[in-house]
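Please read the structure below before turning to the comments.
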Number of protein chains: 2
Amino acid sequence: MDARISSARQKIEIYRADVRKGGLANCPIRNVVQNIFDKWSSLLLMALAEQPYRFGELRRLVPDISQRMLTQTLRDLQRDGYVHREVFPTKPPSVEYSLTEMGHQMYDSLQHVLHWAENNDARVRAARARFDATER
Amino acid sequence: MDARISSARQKIEIYRADVRKGGLANCPIRNVVQNIFDKWSSLLLMALAEQPYRFGELRRLVPDISQRMLTQTLRDLQRDGYVHREVFPTKPPSVEYSLTEMGHQMYDSLQHVLHWAENNDARVRAARARFDATER
DNA sequence: GATATAACTCTCAAAAAGAGACCATCTCTA
DNA sequence: TAGAGATGGTCTCTTTTTGAGAGTTATATC
């Protein structure tokens, strides 16, 4: 069957499927999306979608990420197969991170939301201001 | 200018722009994406994209969300303008949540990643298993 | 009168994230 | 030749976020 035409309802069912079995680990969407929607993941994917970067470069590119979170997020992305990590035997060894083929494919589908966010920032801010003025 | 053709590089710059100003609140992408990529947001959006639901229905639909997080996530989505909340003056008052026009538009762009996740679960799992066997 | 339903809020414990010190190794500069 | 800086991390401690679950107000049902 073609999963592209599955309804939201079906997706919810998939999300729920595993809850009934007692855990969350087997739900396909949640399983995958969990790591992509991580606080720093989309940002790092955006960077790596453009070109490979070294650890220190990423750190400078994203100044407000802690080294701990950079290490951890990169490892998670590597573990899921989106990112390739290559160590070069230079004097202080350097490490380069790049998107894998699958990483690029995934990013293609992620891009849409990022674009939307970029283009609709003002509307969201306006909605937020309206809410704060009314409901609070 | 058409933001749809902006490169990843430019996006990163946008992400970074506000860091230089000392806070994160003004970065458009991060600002918007933050709430969409919340742990429970995409799941609730998936549900509401299909049809309106009442509070208790959502709770039963997503059994592993705590009431605290359901309330909070819904309020955040409402605040950002994706979700409409309507109170009906029944005896114990009931509340219905539905997607706004903007919510539907946003969901259209979010859908792509969710589809990708649904269709590539096996690949991700395989990558993960490979990583765990090798690197650990 | 006890119990259930509705949509929440509140408190406390557990998990995750951030800040920043520390590490080994090598090169470059003073 | 001593010190500083760059490499890519780890470790510990504190703060923030999340989850679990009891409590709330008001009505209806048995």
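Just so it is clear: chains get the letters A, B, ... in the order the sequence lines come, proteins before strands, and each one is counted from 1.
The nearest whole Å value for the distance from the CG atom in A/L61 to the C1' atom in D/dG8 is 17 Å. As rounded to whole Å, 13 Å separates atom C1' of D/dA6 from atom CZ of A/F55.
When the side-chain nitrogen and oxygen atoms of A/R54 are compared with OP1 and OP2 of D/dG8, one or more of them lie within a distance under 4.0 Å. At the phosphate of D/dG8, neither OP1 nor OP2 sits under 4.0 Å from any side-chain N or O atom of A/R60.
By the side chain to side chain contact (heavy atoms under 4.5 Å, CB included) test, A/V124 pairs with A/W116, A/R128, B/V32, B/D80, B/Y82, B/M102, sequence neighbours left out.
At distances below 3.5 Å, at least one donor-acceptor pair connects side-chain atoms of A/E57 with backbone N or O atoms of A/R54. Proximity of a side-chain donor or acceptor of A/T73 to a complementary backbone N or O of A/W40 within less than 3.5 Å is not detected. Of the possible polar contacts, none joining the A/S41 side chain to the A/F37 backbone as a donor-acceptor pair under 3.5 Å is found.
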(request) Could you give me the CA-CA distance, side-chain angles and deciding distance for A/I29 and B/M46, then say whether side-chain contact (heavy atoms from CB on, under 4.5 Å) is met? (result) CA-CA 11 Å; A/I29 300 180; B/M46 271 168 54; 4.2 Å; yes
(request) Let me see the working for B/R30 and A/D64 under salt bridge (charged side-chain N to carboxylate O under 4.0 Å, His left out), right down to the final yes or no. (result) CA-CA 12 Å; B/R30 194 178 322 212; A/D64 56 334; 2.9 Å; yes
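Grouping the Ile, Leu, Val, Met, Phe, Trp and Tyr side chains by contacts below 4.5 angstrom, directly or via other members, places A/V87 with A/L70.
B/F55 has its side chain out of reach of B/E96: every pair of non-hydrogen atoms, C-beta onward, lies at least 4.5 Å apart.
At a threshold of 4.0 angstrom between heavy atoms, the contacts of B/T71 include nucleobase atoms, whether or not backbone atoms are also involved. If you check every strand for non-hydrogen atoms under 4.0 Å, B/Y97 touches sugar and phosphate atoms only.
For DNA chain C, the contact window with chain A, defined by any atom under 4.0 Å from a protein heavy atom, covers C/dA17 to C/dT27 in 5' to 3' order.
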(message) What does the B/S/- profile of nucleotides 12-30 of chain D look like, 5' to 3', with a 4.0 Å heavy-atom cutoff to protein?
(response) B-----BBB------SS--
